[in-house]
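What follows is one structure encoded as structure tokens, with my remarks underneath.
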Amino acid sequence: MRRIPRLPAIDGELGWYETSPLTGRWTGNRLKGTQTFDVLIIGAGFTGLSIAGRLAELWPERRIALVDALGVGQGTSGRNAGFIIDLPHNLDANADPEVDKHIHRLNRFAISRLDQIRQHHRIDCAWHKAGKYLAAHEPANLRHLDSFTRTLDTLGAPYEVFEDSQLQQRLGTGYYRKAVYTPDNILINPAALAQGLALALPDNVTLFDNSPVTGVAYGKPHRARFLGGEINATTLVLSANSFGEEFGLFRQRLVPVFTYASLTGPMGETQVRRGFPDVAPWGLTSAHPAGTTVRLTPDRRIFVRNSFSFDATLRARPQDLQRAWRQHRASFTARFPDLHELNFEYTWGGMLRMTLNHQSVFQRPADNLYALCGMNGVGLAKGTYLGYYLAEWMAGRDSDDLDFIRRHNQPRWVPPEPLRSLGARLRLCYEAGKAAGEV
Ligand SMILES: Cc1cc2nc3c(=O)[nH]c(=O)nc-3n(C[C@H](O)[C@H](O)[C@H](O)COP(=O)(O)OP(=O)(O)OC[C@H]3O[C@@H](n4cnc5c(N)ncnc54)[C@H](O)[C@@H]3O)c2cc1C
């Protein structure tokens, strides 16, 4: 049996999880004893949840196990900025507008699938169609906004441009010079949505959370080892994203990059009245990829995400969290100088599993063995649609979308250590320097 050397951990104080209305409601059990299933899915983030949900619809008579090392909502899926993005800044970094159009369609499909499940099961996850601002502070970065509007024009996607005082009125901060607003982005508490999706899974899916897979043997059946238990399954699906390489199915495709987030406590009435009169909740990403993501949440908290670090141990160290907190504080103060009394209640880290060409691992390494990992920074929409179509592939359902996905998910080779670490650190340093005031 192959040992799984590195396991997910709680990296800091998980703000969305701790403020989710669903935390504390039962979702799963620890795996104990030996159990047999038709399908075992490892990883209950948005990707694993989507695979499980669609597979259960396609194979109602088969027994499916979905397992996670942490509680649902505690992994990266519950630690992100909560943007379900229809139009990412660079889509998948494509020069071909037809490819961009197809990805935009798939993102919209993911949003509508999540919305249907959310409405049907009344998932309380602060879902709101707030749109998204792509904003620039530095004059040098205005050109990124122009290139984004050119892409939007080619796609025929709606947008508005806001500048200076008009932008300040909409955001409650005068920090940004200009922004491109696209209306169809969704904002959520991501931990709450993940928990709600887990609760909504059909009856033929059994969820085991807080159950790390510590060993795996591929064969007939596949075997996964847990503390005090084992699962035997005919088909195994790996959706462990950042930890995907630990399972030895594919190598040299992913780059683990930590990024960090903080969430303030809710603002008081006076702070809202003074700084945010008539300002609706909003979400903003930066014109520069290494810049800061900011949100004003419906419960009047401010969310800040920035700072990157590369760590092959796949853990955020206390000093990384401390450094991120300092940077978050500086970015927050630059944008909201009047809110100096508003503290961060939570600061945490999470991993973006990057691939060099933004494409994901979407593979069948052997019969009855599938891998879907490497969602880059857009896994809410991407993990949902790729998970859905992986299930369709497993069930033998062909479609143009599946064909497109298989052709356009071929991640490029990444050099081995120590070159990977060196290259990643140099690149992160270079990008942070260029982002300047966008951080
Ligand atoms: C701070 C931050 C902000 C981000 N903002 C956004 C955003 O606004 N929008 C967006 O779309 N994306 C965002 N992302 C990226 C997004 O969070 C990821 O793309 C997404 O979580 C990928 O989902 P997933 O299900 O593939 O992987 P994950 O969420 O990583 O799920 C994989 C699961 O596998 C489990 N696992 C791993 N190893 C084992 C094991 N041995 N045994 C059992 N279980 C295991 C993990 O516990 C984990 O829960 C952000 C990421 C970060 C860190």
Side-chain angles (χ1 to χ4, degrees), residues 3-12 14-16 31 40-52 65-86 88 107 110-111 114 132 185-188 190-191 193-194 197-198 208-216 224-227 231 238-247 254 256-263 283-285 293 295 303-308 314 316 324 328 347-354 360-361 371-384 386-387 390:
R3 194 174 69 83
I4 307 301
R6 289 172 296 189
L7 296 172
I10 305 286
D11 301 288
L14 307 183
W16 297 125
L31 185 282
L40 167 61
I41 302 167
I42 301 175
F46 284 107
T47 304
L49 287 162
S50 180
I51 300 168
L66 173 64
V67 303
D68 203 286
L70 304 172
V72 174
Q74 290 182 322
T76 310
S77 283
R79 300 185 197 180
N80 52 61
F83 291 65
I84 316 182
I85 304 178
D86 63 321
N107 286 338
I111 290 173
L114 289 171
K132 179 173 91 61
N185 175 77
I186 306 296
L187 294 176
I188 50 161
L193 180 58
L197 292 173
F208 299 102
D209 61 3
N210 293 297
S211 302
V213 176
T214 56
V216 68
R225 186 179 58 209
F226 300 79
L227 178 63
I231 288 184
L238 181 61
S239 55
N241 197 33
S242 306
F243 290 82
E245 283 182 334
E246 305 303 294
F247 291 78
L254 305 178
V257 175
F258 259 95
T259 184
Y260 299 84
S262 289
L263 188 64
L284 176 154
T285 58
T293 300
R295 279 181 61 180
F303 168 94
V304 176
R305 185 218 52 85
N306 63 34
S307 307
F308 293 97
L314 311 185
H328 292 168
T347 296
W348 67 93
M351 240 185 304
L352 297 170
R353 262 300 179 156
M354 309 303 287
S360 302
V361 172
L372 177 47
C373 299
M375 295 301 138
N376 294 273
V378 288
L380 272 67
K382 191 169 193 171
T384 299
L386 288 183
L390 188 87

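Numbering of ligands and ligand atoms starts at 1, following listing order.
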By number and element, which atoms of ligand 1 are closer than 4.0 Å to a non-hydrogen atom of [X]?
X	value
Gly75	49 (O)
Ala69	42 (N), 43 (C), 44 (N), 45 (C)
Val378	10 (C), 11 (O), 12 (N)
Gly82	8 (O)
Met351	53 (C)
Thr47	23 (O), 24 (P), 25 (O), 26 (O)

Using a 4.0 Å heavy-atom cut-off, which part of [X] comes near ligand 1: side chain, backbone, both, or neither?
X	value
Arg79	backbone
Pro8	side chain
Phe83	both

With distance as the sole test, does [X] use its side chain to make a donor-acceptor pair with the main-chain N or O of [Y] at under 3.5 Å?
X	Y	result
Trp16	Asn80	yes
Ser262	Thr347	no
Ser239	Ile42	yes
Ser211	Leu31	yes

At the 4.0 Å heavy-atom cut-off, does Gly377 count as touching ligand 1?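 A heavy atom of Gly377 does come that close to ligand 1.
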Min heavy-atom dist Asn376 to ligand 1 below 4.0 Å: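 In this structure, Asn376 qualifies as a contact of ligand 1 - some heavy atom is under 4.0 Å.
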Name all residues meeting the side chain to side chain donor-acceptor pair (under 3.5 Å) criterion together with Thr285; count only those two or more places apart in sequence or in a different chain, and write none if there are none.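 If we apply the side chain to side chain donor-acceptor pair (under 3.5 Å) test to Thr285, skipping adjacent residues, the hits are Lys132.
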Please report which non-hydrogen protein atom sits nearest to atom 48 (C) of ligand 1, along with the residue it belongs to and the distance in Å to one decimal place.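 Answer, as residue, atom name and distance: Asp68 OD2, 3.4 Å.
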Once you round to the nearest 0.5 Å, how far does CZ of Arg225 lie from OG1 of Thr214?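 If I round to the nearest 0.5 Å, the distance is 4.5 Å.
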With only distance considered, is Leu7 within less than 3.5 Å of ligand 1 through an N or O on each side?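 Looking only at distances, the answer is no, because the N/O contact criterion of under 3.5 Å is not met.
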Heavy-atom proximity to atom 2 (C) of ligand 1, best of Val67, Ile84, Asn210, Asn80: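 The nearest heavy atom belongs to Asn80.
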Nearest option to atom 23 (O) of ligand 1, as decided by whichever heavy atom of Ser77, Cys373, Pro5 sits closest: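 Looking at heavy atoms only, the winner is Ser77.
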